[in-house]
Amino acid sequence: MRQTKRRSIHIPGGTSILASLISIGIGLVFGLILLVILNTKAAGGAFVSLVTTGFRSSDKFAKVLYQAAPLIMTGLSVGFAFKTGLFNIGATGQYTVGAAFALIGAIQFQLPWYVCVLLSLIGGAFWGVFPGLFKALFNVNEVITSIMFNWIAMFAVNLTINNLPMMLAKYWGGAQMDRTANLAQANPSALIPRLGLDTLMHSNYMNISIFIAVIFALIAWVILSKTTFGYELKACGYNRNASLYAGINAKRNIVFSMVIAGAFAGVGGGLYFLAGTGQYTLLKQLLAAGFNGIPVALLATSNPIGTIFSAFFVSYIQVGGDAMQPDFVKEIIDIIISVIIYLAAFALLTRELLSRSKMHREEEAESVASADAPAEKEEVSQS
Amino acid sequence: MNDYVIEMLNITKEFPGIRANDDITLRLRRGEIHALLGENGAGKSTLMSVLFGLYQPEKGVIKKDGKIVRIKDPNDANALNIGMVHQHFKLVEVFTVLENIILGVEPQKMGFLEKKEARKRVVELSERYGLKIDPDAVIENISVGMQQRVEILKMLYRDNDILIFDEPTAVLTPQEIDELMHIMRSFAAEGKSILFITHKLNEIMAVADRCTVLRKGKCIGTVDVKDTDKTKLSRMMVGRDVEFVVSKDDARPEDTVLDVQNLTVPSKLHKNNAVKNVSFQVRAGEIVCLAGIEGNGQTEFVYALTGLERPSAGEITLKGEPIVRIAARREKQKASSLPKARTTLMPIRQRSKLGMSHIPEDRQKFGLVLDYTLEENLVLQRYWEPAFQKNGFIKKPAVRQYAEKLIKQYDIRSGQGPVTSARSMSGGNQQKAIVAREIDKNPDLLVAVQPTRGLDVGAIEYIHKQLVAARDNGKAVFLVSLELDEVMNVSDRILVMYEGEIVGEFDPKVTTVEELGLYMAGAKRQSAERTVH
Ligand SMILES: Nc1ncnc2c1ncn2[C@@H]1O[C@H](COP(=O)(O)OP(=O)(O)OP(=O)(O)O)[C@@H](O)[C@H]1O
Ligand SMILES: [Mg+2]
């Protein structure tokens, strides 16, 4: 017998949290299997550090929070666009532009941190305009435009920074040519405040960026669930025809949605690089932080509040993964981490796809189902 | 030998907040047509979905030929030769008729599709039962009636002999309904057993042998159709007497509210225009009905009127304001030295603010956001009004209160009231929600397309009364309907549309259904200057 588990389309909060947890479990199990295959002897110990490191010491926990902040932002970016029926794969480009705006403000113009965060927001929003406009005006798929604009963003930012000598570490007495200045040297006032949290948690990584990110998550939640604007956005995402019928300006909303999504991703870039612990490196590759927003949003089923927790999970696994060195080399660890994160996200996705395609097959095969006795079917226990 | 092919014994099925089926027993005889009647939300579709394996009942058993069976999913149902045609068809739009029929049971030869055999059988079946189809037509291009025949052929192709029809006639034209009745009779004569859900009592009286009535999830009883009549049936179903004819005074039309001049709308299906040079007026205080056989341009006309589609020529004025004005082509403008006419196309929101309300034909495509709750859907046209928002923030309590008012007034039934997901509501109650929303907007012009599609007799009575009440309040009502009963019953003036043109105007008090039928079929047409009664 085929499996009889069916999905309820309108997943209520409880079940969707449960589903996310189960998916995380599946991801972890696969991670363990992979570890065993690659290095049986060290697997057990490595897995333990993978899952416990984040909570083991306050400085590790600080690092989890530090990495979670930009992930929350990119997760919000992807999730927000999702709610409007758009797939924002351009979060990484928006993140990069946001980072560049923030850093240029901080180093070139010696602005204080809050102005720089604001600049990163503007930069990301600016980069979201393009896919939004192309989609709204010419009906060009946002995925295609976003991908192109990811590369444009990366090269444009590299070019700009390369041509602003003051931006580079070398100008400030650093050794390397290929990265931006250390903020502590170039403009300490642009560092995101730590408010003593760093001494409290014995970690250089600790600053208030996690709180800023949580505030943005709350803002996203308020927009989506409390405002007429959010009501319109979701209506467009759920049923374009009905939103047209209701006189909702879908084109305007598509642009706004992408702009807001871009702003979130941009702030993510700002928060990360204004912490002072990372320097923007001029490499010809897209930043992974933007793409990691996708599984974060998936795991949270695009819920802004859920995004806080799923970003925390992803960050936690990354910190734990680093602790598996030297039993496993960095590249292998990256693979394992991505397997866990993406499997967890995909477990959730496939759960939906499976039940959807199963429903399709049924419908097509025996003219099942309905709109009237709707796709909504309660959870039937395994038989 | 057991008389009953299917016995559903003491079936109970619960959904959050509601017991959709409460201890229902239904027995289906071999070779009978068994009607299932009940108000919107009574649990008919749910009961059939249980039989078809879509839902598992909490209590009760199903017997096939006297033996207990467990139907866990539609595959099991299929194995027991149970087939179902749903009210909203589930066909793959971009596939051909033939591909849809064989989908899931494709004949193969070494992994390759073997269509020849299948085609032969399909053609044979369609000829045997008079189910006219074109095997190579693509679903999205064929009429609803043909789509339904495809659904029926799907069941026949799978050798089903217990056939469930969930409101098959709601979307058909009167001619198609006659054909379907005929086909159902021939199935029954062959020994197939049919379960037939409908809200139309005439149909039950015409074809059914027995009828089971449900009310609020409970089984009221099963009656022999020959021992009953429409009044008795509706009393069983609603628990009171229903008036089939709305009582209304003569219309007292006043100022023109809607003025349509020479409207032409291109067709999406063919090269010709779907609506050709149509002109007419609707005045305050009258109900004007656009009648016609499905597919004669009514849909396109309404789309152009409500702003969902762009006409290619003509003018529409609402309360004196132009909402559509298509500028003539360049060449013409140069020739005539008239001042340059500008094209006007008022956005939908603006039309709505000006006083237009629209009950759309396709409730799930346009009328509802199925993933929104009932209350969110009830404010779909008004969430932006100061009553429901302040500074862009939705006033949840106000929305809740308003929803509760409409739910009560229009008797919209659902499991969890305002917070029920629209997707989980019964078809008729989804329709009621839309009708409530659009009428309660208190529009100056109400465009109602098939407003009572899928509603039970009690609800139809109520909606018709509301339409008449709106008229008596000095509103203009523009009704588009395929149901001649409704057309004759409710309207003050009837316009018949045939192939995109208005071919006649009638007074329902003077004309007859037969007369209308001739015009609708294109057999007759009035001359250019219409008879004015
Ligand atoms: N999947 C579901 N989840 C929750 N409630 C449901 C679901 N399906 C049906 N219901 C509820 O069960 C009740 C019966 O619904 P059902 O669709 O069986 O009615 P019906 O008799 O077919 O009505 P109609 O004539 O309007 O089609 C309704 O109140 C509906 O809201
Ligand atoms: Mg139903």
Side-chain angles (χ1 to χ4, degrees), chain A residues 1-6 8-12 83 85 222-252 358-383, chain B residues 15 45-46 48-49 52 54-56 72-75 77-78 83-92 100 103-105 151 154-155 158 166-167 306-308 347-352 358 360 364-372 376 380-381 383-384 389 392-394 421 423-424 426-427 430:
Chain A
M1 202 68 264
R2 278 207 236 126
Q3 67 161 28
T4 49
K5 197 166 188 179
R6 294 195 183 115
S8 81
I9 282 181
H10 213 91
I11 308 168
K83 284 274 183 194
V222 168
I223 293 179
L224 282 174
S225 59
K226 300 279 175 207
T227 66
T228 50
F229 177 55
Y231 177 92
E232 293 188 352
L233 287 182
K234 284 186 292 175
C236 290
Y238 287 139
N239 184 348
R240 198 50 65 76
N241 285 319
S243 71
L244 179 75
Y245 157 84
I248 293 171
N249 188 338
K251 292 191 170 164
R252 196 195 64 180
K358 177 174 187 277
M359 265 155 48
H360 262 279
R361 257 181 297 155
E362 283 169 359
E363 282 162 9
E364 286 154 8
E366 37 258 312
S367 73
V368 172
S370 64
D372 187 340
E376 175 129 350
K377 290 154 194 163
E378 19 65 277
E379 300 275 334
V380 180
S381 55
Q382 292 297 134
S383 50
Chain B
F15 289 118
S45 298
T46 304
M48 291 302 103
S49 301
F52 194 52
L54 287 167
Y55 296 139
Q56 301 303 311
K72 290 189 292 297
D73 60 27
N75 287 330
N78 197 33
M84 180 157 171
V85 175
H86 208 278
Q87 182 179 356
H88 303 79
F89 312 138
K90 290 287 148 186
L91 298 167
V92 185
N100 266 287
L103 200 66
V105 288
E151 289 279 16
K154 274 173 77 174
M155 295 195 297
R158 287 161 180 71
D166 192 352
E167 293 191 46
T306 55
L308 290 170
I348 295 178
R349 174 66 52 83
Q350 236 55 47
R351 297 184 201 206
S352 162
H358 174 201
Q364 301 202 330
K365 186 170 173 196
F366 290 107
L368 294 170
V369 178
L370 288 174
D371 291 307
Y372 268 171
E376 285 169 325
L380 188 61
Q381 298 277 18
Y383 64 90
W384 44 269
Q389 60 94 15
F393 282 84
I394 293 180
S421 145
R423 192 181 286 285
S424 79
S426 83
Q430 291 179 347

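Note that these values count all heavy atoms, side chains included, but never hydrogens, waters or copies made by symmetry. Protein chains get the first letters and strands the later ones, always in sequence-line order, with residue 1 at the start of each.
- With a 4.5 Å cut-off on non-hydrogen atoms, A/I248 touches chain B through its backbone and its side chain both.
- The structure places OG1 of A/T228 at 11.5 Å from CH2 of B/W384, a figure rounded to the nearest 0.5 Å.
- Note: A/Y238 and B/Y372 have perpendicular aromatic rings, judged against thresholds of 30 and 60 degrees for the angle between ring planes.
- Neither the backbone nor the side chain of B/Q350 comes within contact range of chain A; no heavy atoms are under 4.5 Å apart.
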side-chain contact (heavy atoms from CB on, under 4.5 Å) between B/K365 and A/Y245, intermediate numbers included: CA-CA 9 Å; B/K365 186 170 173 196; A/Y245 157 84; over 6 Å; no
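- For the atom pair CG (B/L380) and OH (A/Y231), the distance works out to 4.5 Å, reported to the nearest 0.5 Å.
- The distance from the CG atom of A/L244 to the CD1 atom of B/I348 is 4.5 Å, given to the nearest 0.5 Å.
- Of all non-hydrogen atoms in B/L368 and A/N239, the two that sit nearest each other are O-ND2, 2.9 Å.
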